[in-house]
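Every chain is numbered from 1, with letters handed out A, B, ... down the list of sequences.
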Protein chains: 2
Amino acid sequence: MENFKTYIHSLTEFSDESWKLLQPALSEQVFKKNEFLLKEGTVCNALFYIEKGYCRSFYEMEGEEKNIAFFFENEIATNIESFGSGEKSAYNIVACEPLCVFSLDKKMLYRASQQAPEIETLGRKCIRRFATKQESFSNLLKIYSAKNRLHYLETNYPEMLQRVPLYQLASFLGVARETLSRIRKKNQAV
Amino acid sequence: MENFKTYIHSLTEFSDESWKLLQPALSEQVFKKNEFLLKEGTVCNALFYIEKGYCRSFYEMEGEEKNIAFFFENEIATNIESFGSGEKSAYNIVACEPLCVFSLDKKMLYRASQQAPEIETLGRKCIRRFATKQESFSNLLKIYSAKNRLHYLETNYPEMLQRVPLYQLASFLGVARETLSRIRKKNQAV
DNA sequence: ACAGGCGCGTGATAATTGTCACAAAATTAA
DNA sequence: TTAATTTTGTGACAATTATCACGCGCCTGT
């Protein structure tokens, strides 16, 4: 819980009063490896602050899983589109390790927002930070070659390379598993 | 101005009172073709609601322009990262046609937000919509092949294909200009 | 201990894409 | 209208990547 408090304070001013008002929206949840936080076709009603472990979001297309994001400790995982619009999610979010999160329920969060402007601000900043991360990954794919994408991750998100299996990283980077394996080999040589 | 009002109402409840309070943050701006809304290395201090025309954001890398997004009428253009954090933008935004926007100044917007919760909510929803669009485009690159990316744009964003020159679309889709030209040719045959 | 599955590496070959060069078409400016 | 510039198309070839097939090492559960 302390981590989460620190996370909030890193985003915005937050009084003890606001913290109290936020409590009804907040609940601790535990997921086993491969358990779903969000299933395709259901509505995303929560922001998941990740306390321990990590998870990934992925589409299922023609029997294949296409990974679109990985979320680690001290990050928010959610489907921003579904959460915002109330429409069904087009993809899944699943725990990759035993996962401990603090879940912020949408309805309760909105209620709390109306009681304290700081909570509304918190919500906005959570979303902004989420969006910023999305954007930078989006650009990664546009401006770099497969080789350079891996290099970018190595320097900016080394944790990701250590924790995410290669075959899952591959679809995230938009290349075949074998290709990524070969790129990695070449890079080691240098 | 009416379009902008409609846009706001499509996002959130918004009283005449809030609209009045928003005015100081709001200014109409006109850009010529190829004029910059945001230059690499400067801070993004505004949200640009596009009234007429369109613009694009792009990185400049090794003398080449890498397009990362296109923004059309009734959309918000901005650098969400720079706007949020106050840090320098890593990329440019430039008008692709004569452009008319309503600019929302950051400082004034924050001031207005403190006076009316509806404005804070508006800001949050603007950012959310922006993030949603970013995310869907980000996923586009991960889950589709170059061929299918074009097809996706054809069905979901036909306007983009009509208005954006092919050589600019190419870097946005992450392929060479010549490749896109050939893909397009093949698709016509079918 | 051992069977089965998972994650990774690698060879061979096909398919796709990038690069360079040049020309045609379309648009804009003079 | 003409000239200049921009945008697009295309051929040839190189480079990169995907796909298929297979084997190896390492967990994990029984």
Exercise. Are Phe48(B) and Phe4(B) connected, step by step, through hydrophobic side chains (Ile, Leu, Val, Met, Phe, Trp, Tyr) whose heavy atoms are closer than 4.5 Å?
Worked result: no
Between [atom2] of [N] and [atom1] of [X], the distance in whole Å:
| X | N | atom1 | atom2 | result |
| --- | --- | --- | --- | --- |
| Leu161(B) | dT8(D) | CG | P | 12 Å |
| Lys33(B) | dA29(C) | NZ | C1' | 12 Å |
| Glu97(B) | dT28(C) | CD | P | 11 Å |
| Asn34(A) | dG5(C) | CG | P | 16 Å |
| Leu169(B) | dT7(D) | CG | P | 13 Å |
| Asn67(A) | dG7(C) | CG | C1' | 14 Å |
| Leu180(B) | dT7(D) | CG | C1' | 13 Å |
| Tyr167(B) | dG18(C) | OH | C1' | 19 Å |

Exercise. Does the cation-pi check pass for Arg149(A) over Tyr152(A), that is, NZ or CZ under 6.0 Å from the six-membered ring centre and within 45° of its axis?
Worked result: no
Problem set entry | Lys107(B) NZ/CZ over Tyr110(B) ring centroid, <6.0 Å and within 45° of normal | no
For this session: Please tell me which of Arg182(B) and Leu166(B) maps to the more 5' nucleotide of DNA chain D, matching each residue to the nucleotide holding its nearest heavy atom.
Result: Leu166(B)
For this session: Would you mind telling me which residue lines up with the more 5' stretch of DNA chain D, Gly174(A) or Val164(B), judged by nearest nucleotide?
Result: Val164(B)
Exercise. For the atom pair OG (Ser57(B)) and CG (Asn79(B)), what is the distance rounded to the nearest 0.5 Å?
Worked result: 8.0 Å
Exercise. Strictly under 6.0 Å, is that where the ring centroids of Phe172(A) and Phe137(A) end up?
Worked result: yes
Exercise. Is a donor-acceptor pair below 3.5 Å formed from side chain Arg184(A) to base dG9(C), judging by atom type as modelled?
Worked result: no
Exercise. When the C1' atoms of the five terminal pairs at each end define the local axes, what inter-axis angle does the helix from dA1(C)-dT30(D) to dA30(C)-dT1(D) show, to 10 degrees?
Worked result: 60°
Counting side-chain heavy atoms from C-beta on, which of [options] comes nearest to [X]?
| X | options | result |
| --- | --- | --- |
| Thr179(B) | dT19(C), dC8(C), dT17(C) | dT17(C) |
| Glu178(A) | dC20(D), dT8(D), dC8(C) | dC20(D) |
| Ser181(B) | dA18(D), dG9(D), dG18(C) | dG9(D) |
| Pro165(B) | dT8(D), dC8(C), dA12(C) | dT8(D) |
| Arg177(B) | dT8(D), dA12(D), dG9(C) | dT8(D) |

Problem set entry | Partner of Tyr54(A) under ring pair (Phe, Tyr, Trp, His ring centres under 6.0 Å), chosen from Phe72(A), Phe31(A), Tyr157(A), Phe71(A) | Phe72(A)
Problem set entry | Over all atoms of both residues, closest heavy-atom pair of Ala95(B) and Cys55(B) | CA-CB, 4.0 Å
For this session: Ignoring backbone atoms, test whether Lys185(B) places a side-chain nitrogen or oxygen under 4.0 Å from the OP1 or OP2 oxygen of dG9(D).
Result: no
